[in-house]
J.: 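My questions all concern the structure below.
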Amino acid sequence: MATRLKDIRTLALVGASGAGKTLLAEALLARAGAIPTMGSLERGTTACDYTPLEKELRHSMKLAVASFEARSGDETARVHLLDTPGYPDLAGHSIPALGAVETAAIVVNAQNGIEMMTQRFMQWAAKRQLDRLVIVNKIDAPGVDL
């Protein structure tokens, strides 16, 4: 069955390296049933970090796209999720993602707070007049003071 354009949502997970973007993508994909279970960075089994170098280094090096269906009551939306690298040296793979989405999901690591790349992604998203969603991740880590 074809998805109507009005039922498609596009969002990019952006933020500093180590914020947990890839594992958040894994959790969303698993919860939606798009993958059978969450992958692991340590085991190199994540859906979005699939190249040998990403598996070895345990972080994203390029943009990855994943899709799933989200249901709410009788409504169903197709979600296109763009998982982006967070290192400043790899911003050339992340910034273009903001031109392809309606929402920038800015992922913040609760342990580190607002980092340089977090601020930059927020500014780039604002400049493009994107909807912005701030996600504070890793709030259950030891020593986090919200």
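Side-chain atoms are counted along with the backbone in the values below, which use heavy atoms only and exclude waters and symmetry mates.
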J.: For Asp131, what residues pass the salt bridge (charged side-chain N to carboxylate O under 4.0 Å, His left out) criterion, not counting sequence neighbours?
T.: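 Partners of Asp131 by the salt bridge (charged side-chain N to carboxylate O under 4.0 Å, His left out) criterion come out as none, since no residue qualifies.
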J.: So which pairs with a foot in residues 22-58 pass ring-ring contact (aromatic ring centres under 6.0 Å, His included), sequence neighbours left out?
T.: none
J.: Tell me which pairs pass salt bridge (Lys or Arg N to Asp or Glu O under 4.0 Å) where either residue lies in residues 7-22, with sequence neighbours left out.
T.: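 Passing the test, one end in residues 7-22: Arg4-Asp7.
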J.: Hey, could you give me the CG/NE2 distance between Leu82 and His93, rounded to the nearest 0.5 Å?
T.: 13.5 Å
J.: Once ring-ring contact (aromatic ring centres under 6.0 Å, His included) is applied, what residue pairs with a partner in residues 115-146 remain, sequence neighbours excluded?
T.: Phe121-Trp124
J.: Which residue pairs pass the ring-ring contact (aromatic ring centres under 6.0 Å, His included) test with at least one member in residues 51-79, sequence neighbours excluded?
T.: His59-Tyr87
J.: Linking Ile, Leu, Val, Met, Phe, Trp and Tyr by side-chain heavy atoms under 4.5 Å, what else ends up with Ile8?
T.: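 Other cluster members: Leu5.
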J.: Could you work out, with side-chain hydrogen bond (donor to acceptor under 3.5 Å, both in side chains) as the rule, every residue matching Thr76, not counting sequence neighbours?
T.: none
J.: Could you pull out all residues at least two apart from Glu75 that satisfy side chain to side chain contact (heavy atoms under 4.5 Å, CB included)?
T.: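 Counting only residues at least two positions away or on another chain, Glu75 forms no side chain to side chain contact (heavy atoms under 4.5 Å, CB included).
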J.: Just verifying a value: how many Å separate Ile106 CD1 and Leu133 CG, rounded to the nearest 0.5 Å?
T.: 8.5 Å
J.: With sequence neighbours left out, write down each residue that passes salt bridge (charged side-chain N to carboxylate O under 4.0 Å, His left out) with Arg71, or none if nothing qualifies.
T.: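 Arg71 satisfies salt bridge (charged side-chain N to carboxylate O under 4.0 Å, His left out) with Glu69 only.
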J.: Ile35 vs Glu26, test: side-chain contact (heavy atoms from CB on, under 4.5 Å). Steps then yes/no.
T.: CA-CA 8 Å; Ile35 57 176; Glu26 286 291 310; 3.4 Å; yes
J.: Using the test side-chain hydrogen bond (donor to acceptor under 3.5 Å, both in side chains), find all partners of Thr45 that sit at least two apart in sequence or belong to another chain.
T.: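 Thr45: no side-chain hydrogen bond (donor to acceptor under 3.5 Å, both in side chains) contacts found.
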J.: Other than Leu23, which residues form its hydrophobic cluster under the rule that side-chain heavy atoms must be closer than 4.5 Å?
T.: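 Reading the cluster by chain and number, Leu23 sits alongside Met38, Leu41.
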J.: Taking side-chain hydrogen bond (donor to acceptor under 3.5 Å, both in side chains) as the definition, give me every residue that meets it alongside Asp83, ordered by chain and number, with sequence neighbours left out.
T.: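 side-chain hydrogen bond (donor to acceptor under 3.5 Å, both in side chains) check on Asp83 returns Thr22.
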